[in-house]
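Please read the structure below before turning to the comments.
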Number of protein chains: 2
Amino acid sequence: MNLVEKIKKFYKLTEKELEASAHAFKPAAIPAKTYFMEEGKVANHVGFIERGLFRSFFYDDNANDITTHFFQPGTVLISMKSFNDQVPARENIVALEDSEIYVINHEEMMELYKRVPAWRQITKDVDEMKYNDLMNRSIQLQTLTAKERYELFCQNYPEIIKRVALRHIASYLGIDIATLSRIRKKL
Amino acid sequence: MNLVEKIKKFYKLTEKELEASAHAFKPAAIPAKTYFMEEGKVANHVGFIERGLFRSFFYDDNANDITTHFFQPGTVLISMKSFNDQVPARENIVALEDSEIYVINHEEMMELYKRVPAWRQITKDVDEMKYNDLMNRSIQLQTLTAKERYELFCQNYPEIIKRVALRHIASYLGIDIATLSRIRKKL
DNA sequence: TTCTTTTTTTGACTTTTGTCAAACAATCCA
DNA sequence: TGGATTGTTTGACAAAAGTCAAAAAAAGAA
């Protein structure tokens, strides 16, 4: 199990702790278009993506669908604020492809914290990684032109470019779809 | 002491804990232009701003000074990743005005965690608030025009508008200074 | 205060990005 | 398979935003 291996590598868990961790996460097959999370609901699950692709999005004042994040294999699938604070989420998360994840619900996570205290640290580290990603994204939106943002995105997420509808990438980068189409043509 | 009152309001600390908390933070006068934090250094302090104003910034590839955040009275002055993980910071933090803050260093903070466990929660909550702010900022950069960003900024931070150089606001909003000057003229 | 330096504004112009609508292409199911 | 639907590209144009340079204004320092 990929997740356990990752954990093993960075956090020194005993065999028992590893066992408990492995059992806490249940495999789940998520068909494309399934909502992992819905706006207004409290997040009850965290997932670890084995295979597939997800995106988070919300609707702006003009009912435009705005993508805020893409979730790739090997990363944590979470509506962070909602899960951590158990408050209603502002965004949706939906599977873009048939996906396979490992899930744990909030209650089980609290249980896991008790059994394997290291999970508090793991959670903290994941949260910090997400914060960092967001900081980088914010700086890119602040300082780069549309073309530069797209080029950087292609570099950093070649897989996503291949597999995701252009309009989602456009909204994620804050670029009009027609403009992005033209930018792409030039490259 | 403002900080203690805030804490008192939201977290139920015993008198002893309040005492310990109050003693852990030392008042400090920070003259304008003083660096609270420097790029490349590990953050050793967290501050709580009583009076004054700070900004964080970094230099981009073209040596442009890019403002990433303004810190107002009543908020926490921190280079979050650097302080939390004790790794070198990527940004500078500098006082824009003569300021008064309450500071605590890393070691004392660890000590405070032991004496007053509630501080772990306080820290977590502050971190989450910062994450939220960043999320909002990111969405604004992604979805709003330069004019809309400026208008929203004026609404949300009327104090900052009055007191900070326009070029810092321009870089914070990701707008050219000449463009922002024109936007402002129209309003 | 006066001189210097820094910051902001402005003009003339260019480039980037967005808008609208239509054509085209791809995808989805029934 | 074949409409129907959804997504992408394109053209013609408009609006937004950036660039460069100079002037004006403001802030700092001696």
Side-chain angles (χ1 to χ4, degrees), chain A residues 31-35 52-53 55 57 59-67 70 92 94-99 139-154 160-187, chain B residues 31-34 52-53 55 57 59-67 70 92 94-99 139-154 157 160-187:
Chain A
K33 297 185 186 172
T34 308
Y35 278 68
L53 216 47
R55 76 180 178 104
F57 69 100
Y59 295 102
D60 73 4
D61 300 338
N62 304 317
N64 298 311
D65 167 332
I66 310 287
T67 295
F70 294 106
N92 307 279
V94 65
L96 292 165
E97 305 176 349
D98 293 345
S99 303
I139 289 174
Q140 284 165 23
L141 288 166
Q142 183 185 355
T143 59
L144 303 182
T145 64
K147 193 178 158 215
E148 289 168 337
R149 295 201 299 276
Y150 178 69
E151 284 173 340
L152 199 55
F153 188 87
C154 290
I160 294 179
I161 288 288
K162 282 183 227 153
R163 286 150 64 181
V164 173
L166 195 67
R167 87 205 136 96
H168 293 144
I169 293 163
S171 93
Y172 176 77
L173 295 175
I175 307 170
D176 185 272
I177 169 83
T179 299
L180 185 53
S181 178
R182 290 187 176 100
I183 285 171
R184 196 161 70 150
K185 196 180 162 190
K186 277 192 193 163
L187 301 179
Chain B
K33 296 183 187 175
T34 309
L53 216 46
R55 76 179 177 106
F57 69 99
Y59 295 101
D60 73 4
D61 300 338
N62 304 318
N64 298 311
D65 168 332
I66 310 288
T67 294
F70 294 107
N92 308 278
V94 66
L96 291 166
E97 306 175 349
D98 294 343
S99 303
I139 288 173
Q140 284 166 22
L141 287 165
Q142 182 186 353
T143 60
L144 304 181
T145 64
K147 193 179 158 217
E148 288 167 338
R149 297 202 296 277
Y150 178 70
E151 284 174 340
L152 199 56
F153 188 87
C154 290
Y157 307 105
I160 294 179
I161 287 288
K162 282 184 226 152
R163 286 149 66 180
V164 171
L166 196 67
R167 87 205 134 94
H168 293 144
I169 292 162
S171 92
Y172 177 77
L173 295 175
I175 307 171
D176 186 272
I177 170 82
T179 300
L180 184 54
S181 178
R182 289 186 177 101
I183 285 171
R184 194 159 71 149
K185 195 181 164 192
K186 278 192 194 168
L187 300 179

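Chain naming here is simple, since letters A, B, ... match the order of the sequence lines and numbering starts at 1 in each.
Scanning for side chain to side chain donor-acceptor pair (under 3.5 Å) contacts around Glu148(B) gives Thr145(B), with sequence neighbours left out. With sequence neighbours excluded, the residues forming a ring-ring contact (aromatic ring centres under 6.0 Å, His included) with Phe57(A) are Tyr59(A), listed by chain and number. Judged as a side chain to side chain donor-acceptor pair (under 3.5 Å), and not counting sequence neighbours, the contacts of Lys162(B) are Glu159(B). Listed by chain and residue number, nothing satisfies the side chain to side chain donor-acceptor pair (under 3.5 Å) test with Asp98(B) (two or more places apart in sequence, or in another chain). Partners of Asn64(B) under the side-chain contact (heavy atoms from CB on, under 4.5 Å) rule, at least two apart in sequence or in another chain, are Asp60(B), Asn62(B), Ile66(B). With sequence neighbours excluded, no residue forms a side chain to side chain donor-acceptor pair (under 3.5 Å) with Glu151(A).
In this structure, the CG atom of Asp65(B) is 14 Å from the P atom of dT6(C), given to the nearest Å. Distance CZ (Arg149(A)) to C1' (dT17(C)): 10 Å, rounded to an integer number of Å.
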List the atom pairs, with distances to 0.1 Å, where a side-chain N or O of residues 169-181 of chain B and a protein N or O form a donor-acceptor pair under 3.5 Å, not counting sequence neighbours.
| from | atom 1 | to | atom 2 | distance (Å) |
| --- | --- | --- | --- | --- |
| Ser171(B) | OG | Thr67(B) | N | 2.8 |
| Ser171(B) | OG | His168(B) | O | 3.4 |
| Asp176(B) | OD1 | Ala178(B) | N | 2.9 |

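Looking at Tyr157(B) and Val164(B), their side chains never come closer than 4.5 Å, going by heavy atoms from C-beta outward. Residues Gln140(B) and Leu152(B) form a side-chain contact, since some pair of their non-hydrogen atoms from C-beta on lies under 4.5 Å apart.
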(message) Base contacts versus sugar-phosphate-only contacts with protein, heavy atoms under 4.0 Å: please encode nucleotides 19-30 of chain C as B, S and - from 5' to 3'.
(response) B---------S-
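Formation of a donor-acceptor pair under 3.5 Å by the Arg55(B) side chain with backbone atoms of Phe70(B) is not found in this model.
Using a 4.0 Å cut-off on heavy atoms, the residues of residues 164-175 of chain A that approach DNA chain C are Gly174(A), Ile175(A), listed by number.
Close approach of DNA chain D to chain A, defined as any atom under 4.0 Å from a non-hydrogen atom of the protein, starts and stops at dG7(D) to dA12(D).
Across its full length, the helix from dT1(C)-dA30(D) to dA30(C)-dT1(D) shows an angle of 50° between the axes of its 5 terminal pairs at either end, rounded to 10 degrees.
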